[in-house]
Amino acid sequence: MAAVPTRNDRRVILHLDYDCFYASVFEVEQPALKSVPLAVQQKQIVVTCNYEARRRGLHKLQLIKDAKRICPDVVIVLGEDLTKFRDVSKELYSFIRGFVWGERVERLGFDELSLDVTDMIDYNLQILNPHDLTNAFFQLDVKDPTVGFSYDATRYLGKTVPLYPEGIATPLEIDSLGMRLLLGSHLIGYLRTRMEHDKGFTATGGVSTSKLLAKLVGSVHKPNQQTTLLPPYETKHDSSLEDSNVIQFMDSHDIRKIPGIGSRLAQKLSHKVNSHSDAEGDGERRLTVRDVRLFPSMSSATLERVLGGPGAPKGIGVKIWGILHGVDNTNVMEARDIPTQISIEDTYGRGRLATPEDLRRELEVLTRSLIRRMRTDLLDDTVTDGTQPRWLAHPRTLRLSTRPRNAPETDGARSYNWNRISRSAPLPSFVFHVDENVDSIAERLVHEHAMVMFRKLHPEKSGWDLQLLNIAVTNLVESAGDQKQSRGRDIGKMFRQQEAVLKNWSVHESGPAAEERAAVDHRATPSPRQATSREERMQQPGDCTGVAVQVAAQVAAAAWNRNDQSGSEESEDADWQDEDECDRSWRVSPANVECPLCGAVMPQFAQLAHQTFHATEKGGD
DNA sequence: ATGTGGGAG
DNA sequence: GGTTCTCCCACAT
């Protein structure tokens with residue numbers, strides 16, 4: 001029997017999914033649209049439609065032609081320009097973030113959010129009066145006990161899995177998983193109400209203990225509803241796992257519906273499972289998580305063999321094996337202030353890009369958008385005192401991608417080509433000249449750079465048949481010296497103390513053995529802060545993070561021992577360099593240290609980081 | 001550093 | 001005759 005991965009169920013995670021987001025943006029703009037079937041068009045397809053349209057048989061990714069045939073009175077609006085959607089998405093994001101303690105609110109695409117509300121739930125469990133659960137009050141502000149909402153702590157709000165119509169009125173232990181999820185259900189209900197009343201957007205919600213489970217359970221009842229995945233999550237020792245609601249819930253899903261399992265992985269899995277039991281050729285019956293999980297001799301090692309190979313991420317077997325058991329220990333990451341890339345693309349019908357003139361014209365259109373996007377997203381708009389606005393980050397690479405159409409086969413049929421090809425080159429610095437106008441920058445960039453890259457991609461003089469052009473800037477380097485206070489950390493103090501801190505640990509004495517010893521030693525020592533009460537920590541949010549982040553990053557990074565950051569970056573422009581990039585999102589709490597890049601949690605370093613922080617605090621200053 | 005592939009909405 | 005417009009991450013070289 002293959003080992004069953006263990007889940008971390010200490011957290012409470014909420015998932016929000018705005019209902020048919022693009023269509024809702026138009027409805028909020030023009031409320032009259034709410035009562036008609038509404039479809040949002042990009043090129044020749046319906047990218048989304050409202051529920052009135054769905055009632056009449058329309059759906060996502062349908063051809064406009066078909067949509068009109070099925071529902072002749074459908075109202076169609078054009079949604080190729082994403083600016084509006086992007087802006088609304090950011091607004092809703094900061095609205096929700098305003099309610100959540102800490103920074104753990106993650107945006108997935110334009111229309112989904114994951115929230116780690118563990119701290120809020122823990123606090124509200126503490127202040128819960130066990131003798132009057134039906135008249136509970138959920139406090140949204142630690143400092144002001146009047147800010148919050150009333151709720152009934154004997155019932156779950158909204159739907160549950162498995163479904164109990166009354167939301168259950170049960171005597172739950174105060175500190176049980178069920179009670180934490182129950183509070184989560186009331187919190188997400190409150191957030192959904194506020195979103196609708198204040199902003200006009202309805203959302204579907206999910207409540208569980210991980211991003212994976214909250215997202216999956218959220219989609220059980222749509223739209224404008226919410227669902228909580230009920231305990232028990234754990235499996236009794238030596239049972240066949242089926243007494244866990246998580247296993248039951250995961251098992252019922254089509255393998256392709258699981259986040260993290262895309263079409264390629266689903267295809268490989270179905271090949272593996274069906275080649276054994278399938279007598280029919282090409283039998284396309286749906287494959288469930290259960291089918292894969294219980295397949296003979298299935299294990300993380302089997303999955304690694306089936307799914308791994310050249311190009312595949314290492315450890316994919318372990319990861320997928322976990323997912324099949326509902327295990328997702330990745331953290332909700334706080335928002336990044338800048339994106340990692342910006343790209344603009346358009347698709348073209350046959351013959352639309354036949355000549356170099358066509359090509360150049362279209363490239364200029366795309367490039368103008370790109371420069372405008374760079375200015376709106378990357379320029380510091382807080383500077384209004386007449387001086388030149390500063391770039392928050394400089395992309396270092398320009399990339400041009402195309403997707404050629406396939407040549408017709410002998411029977412004249414053309415198969416669809418999904419693949420892109422691309423060329424990259426350093427981004428010239430004139431694109432950062434803020435006082436030059438967009439058109440002339442775009443013209444120059446296309447003429448001197450993009451066209452050259454295009455010729456490398458397509459050496460023929462003309463007659464290419466391209467479906468798609470994409471131009472992107474990537475490889476963004478954040479600028480230094482920006483005091484965008486990420487939770488009041490004092491950088492000056494941090495650097496002044498850093499040397500002393502690191503000396504204690506001898507982390508810069510190289511060698512993994514030394515770091516390992518340091519880690520072990522400190523793990524054995526009790527931290528003076530361990531006994532600190534929860535409220536005390538809550539009222540000083542992020543107090544420890546300044547030095548601890550710096551320190552834990554160094555120790556953890558060294559011990560993690562993945563990439564030597566030998567990067568000897570040569571300096572072209574001084575202001576391109578940043579002093580403060582790698583450490584900025586390392587998260588340290590009394591229980592955890594978390595890698596900002598992969599989200600891995602390393603609790604073994606938490607105590608180390610905290611202890612040293614407080615030692616420093618005592619000695620320094 | 002550059003290019004490709006897979007995944008997400 | 002045939003799906004949009006993005007964004008993110010990891011791997012290979």
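We use all heavy atoms of the structure for the numbers below, so side chains are in, but hydrogens, waters and symmetry mates are not. In the text below, chain A, chain B and the rest are named by the order of the sequence lines, each starting its count at 1.
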For nucleotides 11-13 of chain C, tabulate all protein N/O to nucleotide N/O atom pairs closer than 3.5 Å, reporting atom names and distance.
from	atom 1	to	atom 2	distance (Å)
dC11(C)	OP1	K314(A)	N	2.9

**OP:** Determine, step by step, whether K257(A) and S219(A) satisfy the side-chain contact (heavy atoms from CB on, under 4.5 Å) criterion, reporting the C-alpha distance in whole Å, the side-chain angles of both residues, the deciding distance to 0.1 Å, and the verdict.
**Re:** CA-CA 11 Å; K257(A) 295 286 166 56; S219(A) 62; over 6 Å; no

**OP:** Counting heavy atoms from C-beta on, name the nucleotide in dG9(B), dT6(C), dT2(B) closest to the side chain of R373(A).
**Re:** dT6(C)

Original post:
Which part of the nucleic acid, if any, lies within contact of E112(A), taking any heavy atom under 4.0 Å across all strands shown: a base, the sugar-phosphate backbone alone, or nothing?
Top reply: sugar-phosphate

Original post:
For the residue pair F110(A) and F85(A), is the inter-centroid distance of their aromatic rings smaller than 6.0 Å?
Top reply: no

Original post:
Does some side-chain heavy atom of E91(A) sit less than 4.5 Å from a side-chain heavy atom of D87(A)?
Top reply: no

Original post:
Which heavy atom in I261(A) sits nearest to a heavy atom in A266(A), and how many Å separate them?
Top reply: CG2-N, 3.8 Å

Subject >> Proximity to the side chain of T397(A) - top-ranked nucleotide from dT2(B), dC5(C), dG6(B) >> reply: dT2(B)

**OP:** Tell me whether the OP1 or OP2 atom of dC7(C) has a side-chain N or O from T340(A) closer than 4.0 Å.
**Re:** no

Subject >> Nearest heavy atoms of F430(A) and I441(A), plus distance in Å >> reply: CE1-O, 3.8 Å

**OP:** Indicate, with a heavy-atom threshold strictly under 4.0 Å, whether K456(A) touches base, sugar-phosphate, or nothing.
**Re:** nothing

Original post:
Taking OP1 and OP2 of dG9(B), is either one under 4.0 Å from a side-chain nitrogen or oxygen of K215(A)?
Top reply: yes

Subject >> Sugar-phosphate, base or nothing in reach of R107(A), heavy atoms under 4.0 Å >> reply: nothing

**OP:** Just call it for I64(A): base, sugar-phosphate, or nothing, with non-hydrogen atoms closer than 4.0 Å on any strand.
**Re:** nothing

Original post:
Under 4.0 Å between a side-chain N/O of T347(A) and OP1 or OP2 of dC5(C), yes or no?
Top reply: yes

Subject >> side-chain N/O S424(A) vs dG3(B) OP1/OP2, d < 4.0 Å >> reply: yes

Original post:
Below 4.0 angstrom from OP1 or OP2 of dA1(B), is there any side-chain N or O of R423(A)?
Top reply: no

Subject >> Value in whole Å for how far the P atom of dA8(B) lies from NZ of K319(A) >> reply: 8 Å

Original post:
What integer distance in Å separates D81(A):CG from dC5(C):P?
Top reply: 11 Å

**OP:** Pick base, sugar-phosphate or nothing for Q41(A), based on heavy-atom distances below 4.0 Å to the nucleic acid.
**Re:** nothing

Original post:
Any side-chain N or O of S422(A) less than 4.0 Å from the OP1 or OP2 oxygen of dT2(B)?
Top reply: no

Subject >> Minimum heavy-atom distance between V332(A) and R104(A), given as atom pair plus value >> reply: O-NH1, 2.9 Å

Original post:
Between atom CZ in F110(A) and atom P in dT4(C), what is the gap in whole Å?
Top reply: 17 Å

Subject >> Sugar-phosphate only, base, or nothing, as touched by G260(A) at under 4.0 Å among non-hydrogen atoms >> reply: sugar-phosphate

**OP:** Could you check how far CD of Q44(A) sits from P of dG1(C), rounded to whole Å?
**Re:** 12 Å

**OP:** Indicate whether OP1 or OP2 belonging to dC7(C) is found under 4.0 Å from a side-chain N or O atom of R336(A).
**Re:** no

Original post:
Over how many whole Å does the gap from Q341(A) atom CD to dC8(C) atom P extend?
Top reply: 6 Å

Subject >> Residues H221(A) and Q226(A): side-chain donor-acceptor under 3.5 angstrom >> reply: no

Original post:
Taking the six-membered ring of F95(A), is the NZ or CZ of K199(A) close enough (under 6.0 Å from the centre) and on axis enough (within 45°)?
Top reply: yes

**OP:** Using a heavy-atom cut-off of under 4.0 Å over every strand shown, decide if R403(A) touches base, sugar-phosphate, or nothing.
**Re:** nothing

**OP:** Give D346(A) one of three labels, base, sugar-phosphate or nothing, depending on what nucleic acid heavy atoms sit under 4.0 Å from its own.
**Re:** sugar-phosphate

Original post:
Is the number of heavy atoms from other residues, nucleotides or ligands under 6.0 Å of H59(A) NE2 greater than 12?
Top reply: yes

Original post:
When you measure from the side chain of L61(A), which nucleotide among dT4(C), dT6(C), dG7(B) comes out closest?
Top reply: dT4(C)

Original post:
CG of L265(A) versus P of dA10(C): gap in Å, rounded?
Top reply: 15 Å

Subject >> Selection from dT3(C), dC5(C), dC7(C) that lies nearest to any side-chain heavy atom of K43(A) >> reply: dC5(C)

Original post:
In whole angstroms, how far is the P atom of dG5(B) from the CD1 atom of I316(A)?
Top reply: 16 Å

**OP:** Rounded to the nearest angstrom, tell me the gap between atom CG in N417(A) and atom C1' in dT4(B).
**Re:** 13 Å

**OP:** Remember a base hit wins even if backbone is also touched, and classify R399(A) as base, sugar-phosphate or nothing at under 4.0 Å, heavy atoms.
**Re:** nothing

**OP:** Assign R405(A) to base, sugar-phosphate, or nothing according to its heavy-atom contacts below 4.0 angstrom with the strands shown.
**Re:** nothing

